[in-house]
Amino acid sequence: MKILNRKFYAQDTVDVARNLLGKVLVFGDKQGTITEVEAYLGDDDPACHAFGRLTERKKIFFGPPGIAYVFLAYGMHWCFNVITEPVGKAGCVLIQGINDTFGPGRISKLFGFNGEHNGLDITSGPITICEGSHDFDIEITPRIGLSQAVDWPLRFVAKQANMI
DNA sequence: GCTATGATCATA
DNA sequence: ATGATCATAGCA
């Protein structure tokens, strides 16, 4: 399978999110088709972790693209993100759905993600994303589960795909 | 050093 | 609708 190169991630966050649909997330022996993603823009996005004051944790948003950003939400659930856009620009894509499994927390539980995977290079590390099917429609909806900027249409869902 | 809070999920 | 549960941020 063809692994997505860094150039793929160095695009506009929305484009990356769009293109990420139908791709295959690979981690060790496990793999699954990405069916649902969300774009987080950083600079202008109040809901993004990169919004506001720059902190140690947020620096990864401004670093090189193609990096895994894993964070713990509510003390229980790890969420898996991919850093997008070139160095100096904040942006990331939250992987929300894999195959039939929905919810960022569930995915990380399935794949066994934890804090150690934060900052990994997903163009060369144990975690990679490969090319997949293009045979599906993309549905764009407002984001969910947020407290701010909820109405922004930055959620992308693969509709009725011919999955691998 | 201590406290508040959050891109969630499971349960009632 | 509400509780579980902990890494990070912000402040004393």
Side-chain angles (χ1 to χ4, degrees), chain A residues 4 8-27 30 32-122 125-129 138-159:
Chain A
L4 299 178
F8 174 87
Y9 300 103
Q11 309 174 71
D12 187 75
T13 304
V14 178
D15 287 336
V16 177
R18 242 183 130 88
N19 293 327
L20 228 38
L21 287 179
K23 298 295 187 291
V24 182
L25 178 63
V26 183
F27 174 52
K30 305 186 183 75
T33 302
I34 299 174
T35 57
E36 199 172 333
V37 298
E38 249 178 38
Y40 284 85
L41 305 185
D43 282 347
D44 294 319
D45 193 347
C48 183
H49 283 178
F51 180 79
R53 181 171 284 122
L54 181 64
T55 63
E56 196 64 33
R57 174 169 149 177
K58 293 171 186 170
K59 283 180 183 171
I60 191 171
F61 278 85
F62 296 88
I67 299 296
Y69 169 51
V70 184
F71 77 97
L72 183 67
Y74 295 91
M76 307 178 75
H77 306 288
W78 293 98
C79 293
F80 182 74
N81 306 252
V82 178
I83 303 302
T84 62
E85 310 237 9
V87 178
K89 276 204 169 187
C92 75
V93 175
L94 168 67
I95 309 298
Q96 270 203 336
I98 299 284
N99 289 350
D100 298 335
T101 310
F102 297 114
R106 311 299 301 148
I107 295 170
S108 296
K109 192 175 171 187
L110 269 180
F111 279 74
F113 291 144
N114 58 47
E116 295 177 11
H117 300 99
N118 191 30
L120 282 190
D121 188 344
I122 61 175
I127 306 171
T128 54
I129 298 181
I138 296 179
E139 185 182 9
I140 304 178
T141 73
R143 293 182 296 183
I144 55 174
L146 305 182
S147 52
Q148 311 205 39
V150 182
D151 294 332
W152 294 18
L154 296 177
R155 182 162 168 259
F156 302 90
V157 184
K159 264 260 185 179

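In the text below, chain A, chain B and the rest are named by the order of the sequence lines, each starting its count at 1.
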Rounded to the nearest angstrom, tell me the gap between atom [atom1] in [X] and atom [atom2] in [N].
X	N	atom1	atom2	answer
A/Asn81	B/dT8	CG	C1'	13 Å
A/Trp78	C/dA7	CH2	P	7 Å
A/Phe61	C/dA9	CZ	P	11 Å
A/Asn114	B/dT8	CG	C1'	17 Å
A/Lys59	C/dT8	NZ	P	14 Å
A/Trp152	B/dA7	CH2	P	14 Å
A/Arg143	B/dG6	CZ	P	15 Å
A/Leu72	B/dT5	CG	C1'	12 Å

Check against side chain to side chain contact (heavy atoms under 4.5 Å, CB included), A/Tyr9 and A/Val16:
CA-CA 6 Å; A/Tyr9 300 103; A/Val16 177; 4.3 Å; yes
Please tell me which of the listed nucleotides, [options], lies nearest to the side chain of [X]?
X	options	value
A/Arg106	B/dC9, C/dT5, B/dA7	B/dC9
A/Met76	B/dT8, C/dA4, B/dA7	C/dA4
A/Thr55	C/dC6, B/dA7, C/dA9	C/dA9

Stacking check A/Tyr40 vs B/dA7 (5.5 Å / 30 deg):
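Yes; centroid distance and tilt both under limits.
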Using the side-chain contact (heavy atoms from CB on, under 4.5 Å) rule, pick out the option among A/Ile98, A/Asn81, A/Leu94, A/Ile95 that qualifies with A/Pro104.
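Among A/Ile98, A/Asn81, A/Leu94, A/Ile95, the one meeting side-chain contact (heavy atoms from CB on, under 4.5 Å) with A/Pro104 is A/Leu94.
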Reckon A/His77 has a side-chain N or O less than 4.0 Å from the OP1 or OP2 of B/dC9?
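Looking at the OP1 and OP2 atoms of B/dC9, neither is under 4.0 Å from any side-chain N or O of A/His77.
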Exercise: identify the closest heavy-atom pair between A/Tyr69 and A/His49:
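Reported closest heavy-atom pair: OH-ND1, 3.2 Å.
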How are the rings of A/Phe113 and A/His117 set relative to one another: parallel (under 30°), tilted (30 to 60°) or perpendicular (over 60°)?
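Ring orientation of A/Phe113 relative to A/His117: perpendicular.
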Provide the Watson-Crick or G-U wobble partner of B/dA10, both distances under 3.5 Å; none if there is no partner.
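Check on B/dA10: paired to C/dT2, both distances under 3.5 Å.
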If you apply the rule side chain to side chain contact (heavy atoms under 4.5 Å, CB included), what do you find for A/Ile34 with A/Val24, and how did you get there?
CA-CA 6 Å; A/Ile34 299 174; A/Val24 182; over 6 Å; no
Which residue lies toward the 5' end of DNA chain C, A/Tyr74 or A/Asn118, if each is placed at its nearest nucleotide?
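Mapping each residue to its closest nucleotide by heavy atoms, the 5'-most match is A/Tyr74.
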